[in-house]
Amino acid sequence: MNPTATLHMANGSRIVLELLPEAAPNTVSSFLYAASRGCMDHHAIERIVPGNWVDVSYTGFGKKESQYLIPDEFTLHPDLVPLDSHPGTVCMGGYGEAGLAGCEFFFPLRDCPEHKGVYPVFGRVLEGMEEIRRLENVPTVPVTDFPIEGVEVNRPVEPQVIDHVELQLFGQSYPEPVRVKNPAIPPCWK
């Protein structure tokens, strides 16, 4: 069975993800590595692009978690499935110009043609689409401190916090992610 990650939200709701190691092995390893060490515990949903996705960033604060950045899966596996825009798909984002992935993950809700083929699919939502749709509609304010690919983003007015992440590995073990030596620093961390 594939590993699962349950995002327990501070408001009592939860989102259950099925991770897909065969589709994006290094991205899944990076996610498991960070989540197993509590790197996503008590992190807020950092930015929301209305109509496209909810974005949860666990390395965008310039913290120690940045050491877990991994090479872009497309560099390693050019035949990986590209971003799939139907509801329920989970994709891992990154900074292609730096050869990195593992910075944030997305729940696409509608077509995002400008991002097609950019991010590898690393999982799907098993439970919690209603929570994701609620998050898409929470009040937000514009932010300008994420100059990523020219995408205009919004931050929730009230923090939408992930209390903790519960992993179920079904007895499997996964390797530590491959790391980039001296990774480039994305613009939002400077």
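Every heavy atom of this structure was used, including side-chain atoms; hydrogens, water molecules and symmetry mates were not. Here the structure is a predicted model, which means the values were calculated and not measured.
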Same apolar cluster (I L V M F W Y, side chains within < 4.5 Å links), [X]/[Y]:
{"X": "Phe107", "Y": "Leu126", "answer": "no"}
{"X": "Val16", "Y": "Ile45", "answer": "no"}
{"X": "Phe31", "Y": "Val125", "answer": "yes"}

Apply salt bridge (charged side-chain N to carboxylate O under 4.0 Å, His left out) to residues Glu127 and Arg14 and explain how you reach the verdict. CA-CA 8 Å; Glu127 298 178 31; Arg14 68 179 198 166; 3.0 Å; yes
Checking Gln160 against Arg134: is there a side-chain donor and acceptor pair closer than 3.5 Å?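 Indeed, the side chains of Arg134 and Gln160 share at least one donor-acceptor pair under 3.5 Å.
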Check whether any side-chain heavy atom of Pro156 lies under 4.5 Å from a side-chain heavy atom of Pro139, and answer yes or no.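 Sidechains of Pro139 and Pro156: no contact.
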Check whether Ser29 reaches the backbone of Pro25 with its side chain - one donor and one acceptor, N or O, closer than 3.5 Å.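 Yes, the answer is positive, given that a donor and an acceptor are paired below the 3.5 Å cut-off.
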If we ignore hydrogens and angles and just use 3.5 Å, is the side chain of Ser36 paired with the main-chain N or O of Leu32 as donor and acceptor? yes
Residue from Asp55, Val54, Leu7 passing side-chain contact (heavy atoms from CB on, under 4.5 Å) with Phe105: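 Only one option passes, and that is Leu7.
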Taking every non-hydrogen atom, the tightest pair across Cys91 and Phe122: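 So the minimum-distance heavy-atom pair works out to C-CD2, 3.8 Å.
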Shortest non-hydrogen contact between Val165 and Ala35, atoms and distance: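 Scanning both residues completely, I find the closest heavy atoms to be CG1-CB, 4.1 Å.
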Stepwise, does the side chain to side chain donor-acceptor pair (under 3.5 Å) test hold for Glu18 with Thr4? CA-CA 4 Å; Glu18 177 189 19; Thr4 62; over 6 Å; no
